[in-house]
2 protein chains.
Amino acid sequence: MEATHPPQLDSTMMALADPTRRAIIQSLTLKESRVTELAAPFDMSLNAVSKHIRVLERAGLVRRRRVGREHFLSFNGEPLDEVAQWVDRQRSFWTARLDALEELLHQESEEDQSTNRKGEASQ
Amino acid sequence: MEATHPPQLDSTMMALADPTRRAIIQSLTLKESRVTELAAPFDMSLNAVSKHIRVLERAGLVRRRRVGREHFLSFNGEPLDEVAQWVDRQRSFWTARLDALEELLHQESEEDQSTNRKGEASQ
DNA sequence: TCCATATTCAACCTCTTGGTTGAATATCTG
DNA sequence: CAGATATTCAACCAAGAGGTTGAATATGGA
């Protein structure tokens, strides 16, 4: 069975699976930054952060604008739409099934109560 | 810099980064299943699917109920709440910044128009 | 024009991931 | 009770991830 997800969802979810990359995203939602600015708070080499940025770029979550030797990076929220849709869909299926179960239990409970009343009356 | 995510978000996002695991989740949102039932549609060994299920279990996305030799698996949507919250937060920051930018451009456009009208009058 | 800064490239390393196979374990059934 | 079924365990393998270091490249500034 082939999982029927668009390749976009694959790359987006993989990109977000790493805490460093999520931290980069969080930083970029607040403001555009240069690579060295983004890397500064992390306890890892500049190149390691640069690699993470490339993963985010390939997923379309980060855009880059070059001005001379400086690369300005900004967040693109569009790929998160698909993540939100996928997550909401699973949650709504789950909630619907829980609701159906509760309804079933509720009906059974009402039936038990009326049966009990009849039983009491006959005793 | 330590990424300030709860460990739960880490394990949930990592669990969802794999298309096979997302397909398992999608299957389980529809109905409870046994391991061999879940594995049937996949082109991989039963054990490979069993490993994926364990990853989902560790993330809290799947619960297991054992009856004799059969393990019944069901979906637990709760960890997705955190994913939804994280995603919505980034999107709302992004949208807020885009809105602020548009407002700025709108103001500049109005200023340009009134300046142009004055220029026309003086010519 | 030389030095500084910004950033990527290349090569390397360790560890993890995602898969396989065959064995082991537990339970069910005729 | 022997064979079937369900599932995990253990060991293995290849590929990739995530990091490092040092070199290379491009641009800016004094």
Side-chain angles (χ1 to χ4, degrees), chain A residues 1-5 7 9-28 31-75, chain B residues 1-3 5 7 9-28 31-59 61-75:
Chain A
M1 173 205 202
E2 217 52 38
T4 55
H5 314 294
L9 187 61
D10 270 353
S11 64
T12 306
M13 298 299 295
M14 274 167 165
L16 296 174
D18 183 88
T20 300
R21 291 197 287 274
R22 290 201 306 274
I24 290 170
I25 292 289
Q26 285 183 217
S27 192
L28 288 179
K31 63 180 180 1
E32 194 178 50
S33 300
R34 295 178 297 125
V35 176
T36 39
E37 283 172 351
L38 273 180
F42 292 100
D43 269 330
M44 65 178 67
S45 68
L46 170 62
N47 192 38
V49 176
S50 184
K51 285 186 172 189
H52 282 299
I53 290 167
R54 254 176 276 136
V55 173
L56 292 170
E57 246 182 313
R58 286 203 303 272
L61 287 157
V62 158
R63 284 188 174 131
R64 171 184 316 247
R65 171 175 71 84
R66 220 183 110 201
V67 179
R69 68 191 174 191
E70 296 180 334
H71 299 219
F72 292 91
L73 304 162
S74 56
F75 174 59
Chain B
M1 172 208 207
E2 218 51 37
H5 314 295
L9 187 62
D10 271 352
S11 64
T12 306
M13 297 298 294
M14 272 166 165
L16 296 174
D18 184 88
T20 300
R21 292 198 287 274
R22 290 200 305 276
I24 290 170
I25 292 288
Q26 286 183 217
S27 193
L28 289 179
K31 62 181 182 0
E32 195 178 50
S33 300
R34 294 178 298 125
V35 175
T36 38
E37 283 172 349
L38 273 181
F42 293 100
D43 268 332
M44 64 178 67
S45 69
L46 170 62
N47 193 39
V49 176
S50 184
K51 286 186 172 190
H52 281 300
I53 290 167
R54 254 176 275 136
V55 173
L56 292 169
E57 247 183 312
R58 286 203 303 272
L61 288 157
V62 158
R63 283 187 174 133
R64 172 185 313 248
R65 169 173 73 85
R66 220 183 110 200
V67 179
R69 67 190 171 191
E70 296 180 334
H71 298 218
F72 291 92
L73 305 161
S74 57
F75 174 60

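Computed from a predicted model, the values in this text were never measured in an experiment. Lettering of chains follows the sequences in order, A, B, ..., and the numbering in each one begins at 1.
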Report summary line: Here the gap from A:L28 atom CG to A:L73 atom CG, rounded to the nearest 0.5 Å, amounts to 6.0 Å
Requested in this report: Compare all side-chain heavy atoms of B:V49 with those of B:M44 and state whether any distance is below 4.5 angstrom.
Outcome: yes
Report task. Using atom CZ of A:R65 as one end and atom P of C:dT7 as the other, report the distance to the nearest whole Å. Result -> 12 Å
Query raised in the report: Any side-chain N or O of B:S50 less than 4.0 Å from the OP1 or OP2 oxygen of D:dT8?
Result: yes
Report task. Could you say whether B:K51 or A:F72 is positioned toward the 5' end of DNA chain C, judged by the nucleotide with the nearest heavy atom to each? Result -> A:F72
Report task. Round to the nearest Å and state the distance from A:L46 atom CG to C:dA10 atom P. Result -> 16 Å
Requested in this report: Rounded to the nearest angstrom, tell me the gap between atom CE in B:M14 and atom P in C:dT16.
Outcome: 11 Å
**Report entry** Length of the line joining B:H71:NE2 and D:dT5:P, which is rounded to integer Å
**Finding:** 17 Å
Query raised in the report: Think B:R66 has a side-chain N or O under 4.0 angstrom from the OP1 or OP2 of C:dT27?
Result: yes
Query raised in the report: Within the pair B:S45 and C:dT20, is there a side-chain N or O less than 4.0 Å away from OP1 or OP2?
Result: yes
Query - Pair B:D10-A:R22, side-chain contact (heavy atoms from CB on, under 4.5 Å): steps then yes or no - result: CA-CA 10 Å; B:D10 271 352; A:R22 290 201 306 274; 2.4 Å; yes
Report task. Please work out if B:T36 contacts a base, only the sugar-phosphate, or nothing of the nucleic acid, heavy-atom cut-off 4.0 Å. Result -> sugar-phosphate
Query raised in the report: In whole angstrom, what separates B:I24's CD1 from C:dG18's P?
Result: 11 Å
Would you list the protein and nucleotides 28-30 of chain D atom pairs, both N or O, that sit under 3.5 Å from each other?
unit_1, atom_1, unit_2, atom_2, d
D:dG28, O4', A:R69, NH1, 3.1

Report summary line: From CG of B:L38 across to P of D:dT8 the rounded distance in Å is 11 Å
Query raised in the report: What do the steps show when you test B:L61 against B:R21 for side-chain contact (heavy atoms from CB on, under 4.5 Å), and what is the final call?
Result: CA-CA 10 Å; B:L61 288 157; B:R21 292 198 287 274; over 6 Å; no
Query raised in the report: Can A:R65 and A:E32 be counted as an ion pair, charged N to O under 4.0 angstrom?
Result: yes
Query raised in the report: Is it true that B:E57 and B:R54 make a salt bridge, defined as a side-chain N closer than 4.0 Å to a carboxylate O?
Result: no
Requested in this report: Report the distance from atom CD1 of A:I53 to atom C1' of C:dC9, rounded to the nearest whole Å.
Outcome: 15 Å
Query raised in the report: With no angle test and no hydrogens, is the base of C:dT21 tied to the side chain of B:N47 by a donor-acceptor pair under 3.5 Å?
Result: yes
Query - Toward the 5' end of DNA chain D, by each residue's nearest nucleotide, B:R34 or A:M44 - result: B:R34
Report summary line: d(A:L56 CG, A:I25 CD1) to nearest 0.5 Å is 4.5 Å
Report task. Let me know the distance between CD of A:E37 and P of C:dT7, rounded to the nearest Å. Result -> 8 Å
Query raised in the report: Taking the side chain of B:H52 as heavy atoms from C-beta outward, which of C:dG19, C:dT7, D:dT8 is closest to it?
Result: C:dG19
Report task. Check whether the side chain of B:D18 and the base of C:dT17 form a donor-acceptor pair under 3.5 Å. Result -> no
